[in-house]
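Heads up, the thing below is written out as structure tokens.
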There are 2 protein chains.
Amino acid sequence: MSASSIRARVRAEMIDEIKAVARRHLATDGANLSLRAVARDMGMVSSAIYRYVPSRDDLLTALILEAYDGLGDAVEAADSGTDPDDLRGRWHHVCRAARDWALAHPAEYALLYGSPVPGYAAPADTVLPAQRPPLTLVGILRDGLTHGRLTVPAEELPEPVRADLTELADAFFPGMPSALLARGMAGWTQLFGLISFELFGRLNQTISHRDSYFEHQVGLMADLIGLPRPE
Amino acid sequence: MSASSIRARVRAEMIDEIKAVARRHLATDGANLSLRAVARDMGMVSSAIYRYVPSRDDLLTALILEAYDGLGDAVEAADSGTDPDDLRGRWHHVCRAARDWALAHPAEYALLYGSPVPGYAAPADTVLPAQRPPLTLVGILRDGLTHGRLTVPAEELPEPVRADLTELADAFFPGMPSALLARGMAGWTQLFGLISFELFGRLNQTISHRDSYFEHQVGLMADLIGLPRPE
DNA sequence: GCCCGTCAAGAGCAGTGCTCTCTATTTTGA
DNA sequence: TCAAAATAGAGAGCACTGCTCTTGACGGGC
């Protein structure tokens with residue numbers, strides 16, 4: 001039994017090392033990850049890798065899952081590390097944490113938010129981790145609402161939009177007004193766009209002060225949402 | 001001479017057919033385009049393809065260029081087909097045209113706006129076509145400004161942001177206030193985010209009425225920019 | 001001491017981009 | 001008109017990929 005567990009431990013360490021090497025390759029070669037190259041780096045022959053990893057796609061899925069968790073952790077840590085009543089501060093911190101994580105792990109970000117691989121379908125267990133960043137953002141708005149620090153936008157939503165967003169709200173933030181959720185979604189969409197533009201080179205030769213630009217654009221969305229400015 | 005031109009014409013037609021077949025493959029297999037598969041579809045042996053196309057990357061570049069032009073044409077046509085004084089209408093039509101094009105050409109959209117291939121560097125001649133959509137959007141704001149239908153946002157921009165945006169404005173829209181350009185960029189970022197989320201499956205199981213959702217989100221950004229609502 | 005599960009290696013299959021060579025055809029120029 | 005030149009296509013081949021199957025070595029449990 002202890003012998004079996006020592007075997008299991010070595011095995012787990014091997015899988016961890018394979019993932020680490022794969023992550024390293026990801027950074028240089030992008031999503032076209034080569035199992036043979038990983039095997040070479042580990043001093044194995046290519047077929048031996050299949051003792052630990054069922055297939056290339058499964059390895060990619062594992063990396064994707066870990067990446068989602070890394071981003072989710074970073075984002076939630078940034079949120080819980082800020083004064084809960086400082087809505088605008090929380091919004092900014094969360095957005096900044098997402099960007100920082102993306103800049104630190106560009107290949108993983110591209111894996112998560114880049115163009116999907118046609119043949120590859122994201123397994124069901126990636127759905128929840130993928131929702132952590134937007135849920136964190138909308139959670140800020142929910143908190144502001146329950147503490148009366150946020151006013152609900154006055155406008156009426158078109159009926160189909162209201163219906164979709166009400167259903168979405170019921171699943172995660174029961175009672176949240178759909179008009180506010182709509183603005184939260186706009187903020188999340190914008191955050192994704194900002195990071196993607198920066199990482200995918202769309203800001204090259206135009207925006208040189210990336211930090212300031214990012215903060216300002218995030219602030220614009222905070223205005224749209226109605227997050228109170230510090231007096 | 002006419003004999004030479006008949007050869008040249010056949011040759012051009014072959015290249016066109018190669019591109020068409022490649023585009024078809026793109027839709028099913030994504031960016032990992034196989035020249036051999038294209039050759040097979042054309043009843044050629046793989047090496048014969050290289051008579052017409054220097055390399056796989058060059059073929060991809062050609063497809064990218066044509067895609068940028070297709071999107072640019074669609075966007076600009078939507079803009080010039082709308083009453084120039086109806087700023088908000090123009091904004092909506094341009095955004096809708098971009099989305100419609102993306103929905104009609106999902107693989108090409110992913111090629112343009114998905115994660116960049118690590119080894120592949122976009123050639124210089126893709127830069128200008130790539131700027132057509134954002135320039136069209138900002139052009140609407142410029143028109144609104146020159147006709148006094150748009151008020152410049154009052155706030156001061158942080159100096160680094162102001163500097164970057166002023167330089168950008170000078171290159172394409174001399175005299176445009178950087179605060180307004182900042183909001184235009186926000187709108188363009190949002191448009192990209194909206195389309196990407198929809199095309200890359202982020203809206204699955206949450207938003208079922210995609211058209212209404214898109215219009216509403218675009219409207220939110222129009223509000224942020226200050227585009228006058230129809231009375 | 002034997003047995004069985006685990007691990008690694010090697011060969012092999014089908015696919016990829018790309019190059020080189022050879023042949024057939026077509027175009028061009030004297 | 002007829003030879004020379006340009007062009008198109010085919011085939012073989014190289015190095016690479018994911019993945020499977022078989023073979024042999026090792027080690028812990030009975």
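Chain letters run A, B, ... following the sequence lines, proteins first, then strands; residues in each count from 1.
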| note | To the nearest angstrom, the CE-P distance between B:M44 and D:dT7 comes to 15 Å
| Does a side chain donor of either B:D58 or B:T61 reach within less than 3.5 Å of an acceptor in the other side chain? | no
| Within this structure, what is the CG-to-P distance between A:L35 and D:dC19, rounded to whole angstrom? | 6 Å
Give me, pair by pair, the N or O atoms of the protein and of nucleotides 11-14 of chain D that are less than 3.5 Å apart, along with how far apart they are.
residue, atom, partner, partner atom, Å
D:dG11, N7, B:S47, OG, 3.3
D:dG11, O6, B:S47, OG, 2.7

| task | Kindly point out which of C:dT16, C:dT19, D:dC19 is positioned nearest to the side chain of A:Y50? | result | D:dC19
| field | is_close_aromatic(B:F200, A:Y113), centroid dist under 6.0 Å | value | no
| field | Strand-adjacent residues in residues 13-24 of chain B, judged by heavy atoms under 4.0 Å from DNA chain D | value | B:M14
| Short side-chain N/O contact from A:R40 to OP1 or OP2 of D:dT17, under 4.0 Å | yes
| Can you tell me how far C1' of D:dG18 sits from CD1 of A:I49, to the nearest Å? | 12 Å
| Any donor-acceptor pair under 3.5 Å from B:R23 side chain to B:L63 backbone | no
| Between B:F197 and A:W188, is the gap from one ring center to the other below 6.0 Å? | yes
| query | Taking only side-chain nitrogens and oxygens of B:R11, does any of them come within less than 4.0 Å of OP1 or OP2 of C:dT27? | reply | no
| task | Ignoring hydrogens and angles, state whether a donor on the side chain of B:T136 or B:D79 is under 3.5 Å from an acceptor on the partner side chain. | result | no
| Is B:D73 salt-bridged to B:R132, going by a charged N under 4.0 Å from an acidic O? | yes
| C:dT6 phosphate, OP1 or OP2, under 4.0 Å from A:Y52 side-chain N/O | no
| field | Lys/Arg-Asp/Glu bridge criterion (N-O < 4.0 Å) met for A:D211, A:R96 | value | no
| task | Would you mind telling me which residue lines up with the more 5' stretch of DNA chain C, A:R51 or B:L33, judged by nearest nucleotide? | result | A:R51
| said: Measure CZ/A:R56 against C1'/D:dT17 and give the value in whole Å, please. | reply: 9 Å
| query | Rounded to the Å, how far apart are B:D29 CG and C:dT16 C1'? | reply | 13 Å
| task | Check the pair B:Y52, B:M44 against side-chain contact (heavy atoms from CB on, under 4.5 Å), reporting the backbone distance first and the verdict last. | result | CA-CA 12 Å; B:Y52 303 95; B:M44 295 173 117; 3.4 Å; yes
| said: So, applying side-chain contact (heavy atoms from CB on, under 4.5 Å) with A:Y213, which one of A:H209, A:Q217, A:E215 is it? | reply: A:Q217
